[in-house]
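First comes the structure, then the notes that go with it.
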There are 2 protein chains.
Amino acid sequence: MAVEEAELFLKAFGERISKLRKSKNLSYRKLAQRCNVDYSDISKIEKGLIKIQLPTILELAKGLDVHPRDLFDFDFPKN
Amino acid sequence: MAVEEAELFLKAFGERISKLRKSKNLSYRKLAQRCNVDYSDISKIEKGLIKIQLPTILELAKGLDVHPRDLFDFDFPKN
DNA sequence: AATAATGTGGGCTTATTAGCCCACTATTAA
DNA sequence: TTAATAGTGGGCTAATAAGCCCACATTATT
């Protein structure tokens with residue numbers, strides 16, 4: 001239950017990152033240059049394979065030039 | 001530089017959690033009962049001492065009955 | 001006064017990210 | 001055809017959260 005929900009959340013978050021990145025025409029490597037996150041890790045984040053921490057969230061927001069809040073701008077059931 | 005910024009971010013996030021928790025008249029222990037986070041850890045999160053991961057963010061949102069996005073509803077310079 | 005609740009901080013083990021690098025494949029551009 | 005770029009996945013070490021528990025001081029509550 002909780003496990004599935006967390007996985008859905010990770011996937012939704014990853015898809016949001018992917019959408020933002022593509023909207024700015026950035027490859028993994030290009031986005032990685034703009035923030036302090038390795039390009040191969042960005043791939044894993046977008047696939048929902050990694051449970052990143054707050055500082056990494058901030059880095060992604062900076063690289064994508066949005067407020068951290070915008071990274072969570074996706075539908076998700078409140079239960 | 002980046003270190004300071006991350007610390008400011010952690011503090012702002014913690015203050016946001018604190019504000020939401022108090023607005024619902026929840027103690028650390030009561031909030032902990034509503035989500036899967038230890039009460040002593042919530043104290044540390046609100047003080048910005050811990051860099052929590054995505055699943056913990058989800059848990060806090062559930063315990064506070066808000067969308068994860070709302071946990072990031074605070075001012076923060078976009079640089 | 002006695003009890004309960006609260007905030008705080010320390011410690012512990014295990015699991016996992018952070019922060020790297022490398023190699024491979026497929027696609028695109030020169 | 002050749003070179004460059006892109007996505008993917010594996011591996012490594014060190015740092016850190018997760019998930020606990022406990023103890024103490026302070027502040028309500030009864």
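In this text, all values refer to a predicted model and were calculated from it rather than measured experimentally. Lettering of chains follows the sequences in order, A, B, ..., and the numbering in each one begins at 1.
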* Asked: Within less than 4.0 Å of OP1 or OP2 of C:dT17, is there a side-chain N or O belonging to A:Thr56?
  -> no
Whole Å only: how far is the [atom1] atom of [X] from the [atom2] atom of [N]?
{"X": "B:Leu58", "N": "D:dA17", "atom1": "CG", "atom2": "C1'", "answer": "16 Å"}
{"X": "A:Asn25", "N": "D:dT5", "atom1": "CG", "atom2": "P", "answer": "16 Å"}
{"X": "A:Asn36", "N": "C:dA18", "atom1": "CG", "atom2": "P", "answer": "11 Å"}
{"X": "A:Gln53", "N": "D:dA18", "atom1": "CD", "atom2": "P", "answer": "7 Å"}
{"X": "A:Ile42", "N": "C:dT17", "atom1": "CD1", "atom2": "C1'", "answer": "15 Å"}
{"X": "B:Leu54", "N": "D:dA17", "atom1": "CG", "atom2": "C1'", "answer": "12 Å"}
{"X": "B:Ile45", "N": "D:dT16", "atom1": "CD1", "atom2": "P", "answer": "16 Å"}
{"X": "A:Ile50", "N": "D:dT16", "atom1": "CD1", "atom2": "P", "answer": "17 Å"}

* Asked: Is there a side-chain contact between A:Tyr28 and A:Glu46, using heavy atoms and a 4.5 Å cut-off?
  -> yes
* Is any side-chain heavy atom of A:Ile57 closer than 4.5 Å to a side-chain heavy atom of B:Leu54? -> yes
* To do: State the CD1-CZ distance between B:Ile42 and B:Arg29, to the nearest 0.5 angstrom.
  => 10.5 Å
* Listed partners of A:Asp38 passing salt bridge (charged side-chain N to carboxylate O under 4.0 Å, His left out), at least two apart -> none
What protein N or O atoms touch nucleotides 6-13 of chain D N or O atoms at under 3.5 angstrom, if any, and at what distances?
{"residue": "D:dA6", "atom": "OP1", "partner": "A:Ser27", "partner atom": "OG", "Å": "3.3"}
{"residue": "D:dA6", "atom": "OP2", "partner": "A:Ser27", "partner atom": "OG", "Å": "3.4"}
{"residue": "D:dA6", "atom": "N7", "partner": "A:Arg29", "partner atom": "NH1", "Å": "3.4"}
{"residue": "D:dG7", "atom": "OP1", "partner": "A:Arg21", "partner atom": "NH1", "Å": "3.3"}
{"residue": "D:dG7", "atom": "OP2", "partner": "A:Tyr28", "partner atom": "N", "Å": "2.9"}
{"residue": "D:dG7", "atom": "N7", "partner": "A:Arg29", "partner atom": "NH1", "Å": "2.9"}
{"residue": "D:dG7", "atom": "O6", "partner": "A:Arg29", "partner atom": "NH2", "Å": "3.1"}
{"residue": "D:dT8", "atom": "OP1", "partner": "A:Lys47", "partner atom": "NZ", "Å": "3.0"}
{"residue": "D:dT8", "atom": "OP2", "partner": "A:Tyr28", "partner atom": "OH", "Å": "2.8"}
{"residue": "D:dG10", "atom": "O6", "partner": "A:Lys44", "partner atom": "NZ", "Å": "3.3"}

* Please confirm whether the backbone N or O of A:Asp75 pairs with a side-chain atom of B:His67, one donor and one acceptor, at under 3.5 Å? => no
Which pairs of donor and acceptor atoms, one on a side chain in residues 8-16 of chain B, lie under 3.5 Å apart (sequence neighbours left out)?
{"residue": "B:Arg16", "atom": "NE", "partner": "B:Asp70", "partner atom": "O", "Å": "2.9"}
{"residue": "B:Arg16", "atom": "NH2", "partner": "B:Asp70", "partner atom": "O", "Å": "3.4"}

